Amino acid sequence: MLSKVLLVSSPGKVILHGEHAVVHGKVALAVALNLRTFLRLQPQSNGKVSLNLPNIGVAQAWDVARLQLLDTSFMEQDDVTVPVAEQVEKLKEVADFPENWAATEPLAVLAFLYLYLAICRRQRALPSLDITVWSELPPGAGLGSSAAYSVCLAAALLTACEDIPNPLEDSTHTSRWSEENLQLINKWAFQGERVIHGNPSGVDNAVSTWGGALRYQQGKISSLDRPPALQILLTNTKVPRSTKALVAGVRNRLIKFPDIVEPLLTSVDAISAECERVLAEMASAPAPEQYLLLEELIDMNQHHLNALGVGHASLDQLCRVTAAHGLHSKLTGAGGGGCGITLLRPDLEQDEVEATKQALAACGFDCWETSIGAPGVSVHSATSLEGRVRQGLGIL
């Protein structure tokens with residue numbers, strides 16, 4: 001059993017191209033977003049397992065002895081158990097939720113309890129742990145925050161229970177697990193996602209596990225080889241939207257206008273394919289003209305998404321503001337509000353970036369300057385991330 005502090009992080013995700021088209025069998029390109037979720041695991045000897053989620057105001061603790069008495073035979077069917085509704089209901093009985101919690105908090109706690117019991121049950125005794133998880137990702141914005149949470153939990157618990165080795169050596173600041181271990185982390189993280197979402201695609205946890213860029217089509221996921229890290233602005237319009245309603249709207253438009261909408265979806269698929277080709281070229285030697293191609297693809301995809309009916313006045317405003325500064329933007333995810341991404345060319349002056357961020361903030365939007373193509377789940381020394389997580393965790 002691990003005896004020292006473990007610090008893990010994993011990235012969020014954005015859809016670069018292919019949102020909505022992917023529902024109809026086309027390709028989607030998902031990329032790791034370098035806004036990260038951090039987890040600190042501290043072994044302790046007080047007979048408690050504690051979970052602290054400062055972003056959403058959760059601070060819960062359970063007696064390990066009480067959890068040890070639970071019937072966990074339902075988790076003994078396979079190496080990686082699949083949660084079903086009855087098992088989740090059993091966990092609710094011991095979770096002890098405050099009555100004033102909204103929907104998000106219980107799901108996050110249930111995912112933790114499920115992974116803790118399922119992964120740690122093979123220990124002679126359940127471990128006493130103090131776990132704090134904090135994220136740079138805004139929740140509920142379609143940026144894979146729950147997947148990053150599940151990936152961090154799976155990686156930390158598997159390492160703490162020595163199911164996988166800790167790859168961090170004394171001389172290194174950051175390290176990653178082997179491919180075989182990443183496969184196991186991803187499998188368990190997917191089960192955490194199932195507790196939270198019911199029937200997830202598996203894309204978000206795969207991006208958070210492996211990082212970089214992934215190609216997704218009809219349930220098949222593959223990594224893009226050595227995608228470049230691209231600088232972007234991520235903007236949250238803070239306009240709420242229903243993914244279910246937006247997906248249904250595109251489907252209805254396809255039924256109503258098949259000869260119009262089907263070519264749009266085929267064209268979006270071609271945009272994804274062309275972007276994949278350009279990214280592959282950029283892996284060896286990025287050139288200015290390739291950034292211009294990426295900008296054109298962004299513009300075309302945004303027009304297609306508007307034609308599919310998933311645009312929004314707030315996203316139009318985002319595109320106008322960034323275009324006034326010579327930049328190119330598109331929605332990412334479901335649309336109808338939510339988030340957009342803006343590509344930042346390497347030759348862009350920082351003053352222009354700051355002016356754009358200020359203009360977006362003046363619209364009431366939240367804006368981050370970050371990158372895509374980020375590394376997947378990683379383990380860190382405490383000193384390597386001290387500046388980045390001190391504010392969020394308040395413990396380093």
Side-chain angles (χ1 to χ4, degrees), residues 9-19 22 27-37 135-138 141-145 147-148 151 174 176 203-216 221-237 271-284 286-287 290-299 301-302 305 315 318-319 322 327-335 338-348 353 356-357 360 365-378 388:
S9 80
S10 61
K13 77 94 179 51
V14 294
I15 301 297
L16 191 54
H17 291 293
E19 48 268 277
V22 71
V27 169
L29 299 180
V31 291
L33 176 70
N34 204 27
L35 295 177
R36 302 182 75 85
T37 292
S135 187
E136 297 172 334
L137 294 161
L143 301 174
S145 59
V151 169
T174 298
R176 304 202 59 222
V203 172
D204 287 11
N205 51 276
V207 173
S208 195
T209 299
W210 278 281
L214 298 180
R215 183 183 193 273
Y216 178 83
I221 302 171
S222 57
S223 294
L224 273 62
D225 188 33
R226 297 187 298 122
L230 302 173
Q231 296 300 121
I232 64 160
L233 292 180
L234 173 74
T235 303
N236 186 2
T237 67
I271 289 170
S272 296
E274 179 65 9
C275 181
E276 191 174 347
R277 184 192 69 78
V278 174
L279 292 177
E281 286 185 356
M282 294 177 76
S284 55
Q290 291 164 333
Y291 282 90
L292 297 179
L293 287 175
L294 292 178
E295 289 179 335
E296 285 191 76
L297 295 174
I298 283 171
D299 290 343
N301 200 356
Q302 179 61 21
L305 290 162
L315 293 164
L318 187 164
C319 291
T322 56
L327 302 175
H328 300 255
S329 306
K330 66 175 286 289
L331 68 84
T332 181
C339 292
I341 54 173
T342 305
L343 183 64
L344 300 178
R345 298 182 306 274
D347 63 349
L348 202 62
V353 176
T356 307
K357 289 163 64 177
L360 291 167
F365 303 153
D366 289 338
C367 188
W368 295 265
E369 184 179 348
T370 183
S371 63
I372 52 178
V377 64
S378 305
R388 193 165 180 183

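FYI, side chains are in, hydrogens and waters are out, and symmetry mates aren't considered; it's all heavy atoms of this structure. Note that the coordinates shown come from a computational prediction; the quantities given were computed from them, not determined experimentally.
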Backbone of Gly376 reached by a side-chain donor or acceptor of Ser378 within 3.5 Å: yes
Straight-line distance of Lys330 NZ to Thr322 OG1, nearest 0.5 Å: 12.5 Å
Nearest-0.5 Å distance, OG1 of residue Thr370 to CG of residue Leu234: 7.5 Å
OG on Ser329 to CG on Leu315, rounded to 0.5 Å: 10.0 Å
Interatomic distance, Ile372 atom CD1 to Leu230 atom CG [nearest 0.5 angstrom]: 4.5 Å
Test side chain to side chain contact (heavy atoms under 4.5 Å, CB included) applied to Thr209 and Ser10, step by step: CA-CA 7 Å; Thr209 299; Ser10 61; over 6 Å; no
Whether Gln302 side chain and Leu331 backbone form a donor-acceptor pair below 3.5 Å: yes
Closest heavy-atom pair and its distance - Gly142, Lys13: O-NZ, 3.0 Å
Nearest heavy-atom neighbours spanning Ala30 and Ile15: CB-CD1, 3.9 Å
Summary of side-chain hydrogen bond (donor to acceptor under 3.5 Å, both in side chains) pairs that have at least one residue in residues 222-236, sequence neighbours excluded: none
Verdict with reasoning, Leu16 to Asn301, per side chain to side chain contact (heavy atoms under 4.5 Å, CB included): CA-CA 10 Å; Leu16 191 54; Asn301 200 356; over 6 Å; no
Point-to-point distance, once rounded to the nearest 0.5 Å, from CG of Leu318 to CD1 of Ile341: 10.5 Å
Donor on one side chain, acceptor on other, Ser135 and Ser145, under 3.5 Å: no
Worked verdict on Ile232 versus Leu33 for side chain to side chain contact (heavy atoms under 4.5 Å, CB included): CA-CA 10 Å; Ile232 64 160; Leu33 176 70; 4.0 Å; yes
Heavy-atom pair with the smallest gap, counting every atom of Gly12 and Val207: O-CG1, 4.1 Å
Donor-acceptor contact below 3.5 Å, side chain Glu136 vs main chain Arg36: yes
Heavy-atom pair with the smallest gap, counting every atom of Ala287 and Gln290: N-OE1, 2.7 Å
N/O donor-acceptor pair under 3.5 Å between Thr332 side chain and Gly340 backbone: no
Over all atoms of both residues, closest heavy-atom pair of Ser208 and Pro11: OG-O, 2.9 Å
Approximate separation, where rounding is to 0.5 Å, of Asp366 CG and Lys357 NZ: 12.0 Å
Gly211 versus Ala32, closest heavy-atom pair with distance: CA-CB, 3.6 Å
